[in-house]
Amino acid sequence: MTEYQTILVEQKGRVGLITLNRPEALNALNNQLMREVVAAATGFDRDPSIGALVITGSEKAFAAGADIKEMQGNAFPQVYLDDWLGPWDELGRLRKPVVAAVAGFALGGGCELAMLCDILIAADTAKFGQPEIKLGVIPGIGGSQRLTRAVGKAKAMDLCLTGRMMGAEEAERAGLVSRIVPAADLLTEALATAETVAAMSAPAAVMMKESVNRVFETTLAEGVRFERRLFHALFATADQKEGMAAFAEKRKPSFENR
Ligand code: CO8
């Protein structure tokens, strides 16, 4: 496997695990970490032995945001011409489902990275926020957009304009978080969830993700039409025959991802 300096990368069964690993800076997201996460995630996305991904951080911090010390000297023409932060968009284009396992701080870019994932599992210690305003800027990889879609305008405005943090319970109540687990169980639960997803028929799982994400891009009528087309298409797969035969025969299905 490729050598990385800011992340740890492992394969666990059919799950690709990426652990952010800059403990000296609470996993602040510098440019090197961005390149490494995107490279590892897109590598797993292309790998047929992987069915789902998990992205996690440390006990203290999922990620405390973009690296403030690295970006403080940035200037407009340079960041504009370099399309700085553009590579993060590739995470939003991953086809396989991604679980974010969040403990401790998920602030700024850290909160945005968690929101780029598909299932967000939070430890009871998780703290979410978009504190960019306190630095004289605003979110830059979708925070104002994805947070508002997740929790609605009132809470998104409250969090983004004041920069305050919200705990795991408030985040779950608001719809940002899929579920909360005790901190000690976070990685086990996240890996088990990803393994469950990875054991499904891959064409169905990839289409499922595509269909849910379509909600954010289209009208209800077009979204339902899109879902119907994918639903019909799945009847061309051997896994549909296997899944339904297994139900009728009262046994576990054995999917072959075709
Ligand atoms: N950037 C750089 N270094 C950081 C960051 C950061 N975001 N966060 C923490 N660190 C460093 C600290 O400087 C400190 O280093 P040192 O020991 O060398 O002084 C070390 O990590 C430990 O941090 P603290 O001593 O501050 O730890 P505390 O437990 O006292 O406080 C906090 C934890 C509350 C999380 C605090 O560190 C903090 O407020 N951090 C900054 C949070 C923040 O403002 N994040 C938003 C950044 S802006 C942003 O994300 C813009 C988004 C645009 C796109 C993002 C793309 C990735």
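Note that ligands are numbered from 1 as they come in the structure, with each ligand's atoms numbered from 1 the same way. In this chain, numbering begins with 1 at the start of the sequence shown.
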> Any chance CG of Leu8 has more than 12 other-residue heavy atoms, nucleotides or ligands included, within less than 6.0 Å?
Replying inline: yes

> In terms of side-chain geometry, is the basic nitrogen of Glu170 or Arg164 positioned less than 4.0 Å from the acidic oxygen of its partner?
Replying inline: yes

Please set out all donor-acceptor pairs under 3.5 angstrom arising from side-chain atoms of residues 101-116, sequence neighbours excluded.
unit_1, atom_1, unit_2, atom_2, d
Glu112, OE1, Gly109, N, 3.4
Glu112, OE2, Gly140, N, 3.3
Glu112, OE2, Ile141, N, 2.8
Glu112, OE2, Gly142, N, 3.2
Glu112, OE2, Gly143, N, 2.8

What are the atom names and distances for all N or O pairs under 3.5 Å between ligand 1 and the protein?
unit_1, atom_1, unit_2, atom_2, d
ligand 1, 1 (N), Ala66, O, 3.4
ligand 1, 1 (N), Ile68, N, 2.9
ligand 1, 7 (N), Ala64, O, 2.9
ligand 1, 7 (N), Ala66, O, 2.9
ligand 1, 13 (O), Lys69, NZ, 2.8
ligand 1, 15 (O), Lys69, NZ, 3.4
ligand 1, 29 (O), Lys60, NZ, 2.9
ligand 1, 45 (N), Ala64, O, 3.0
ligand 1, 50 (O), Ala66, N, 2.8
ligand 1, 50 (O), Gly109, N, 2.9

> Hey, are Asp67 and Arg22 close enough for a salt bridge, meaning a charged N less than 4.0 Å from a carboxylate O?
Replying inline: yes

> Is the backbone N or O of Ala238 less than 3.5 Å from a side-chain atom of Glu256, with the two atoms forming a donor-acceptor pair by type?
Replying inline: no

> Hey, is NZ on Lys241 packed in by over 12 heavy atoms from elsewhere, all under 6.0 Å?
Replying inline: yes

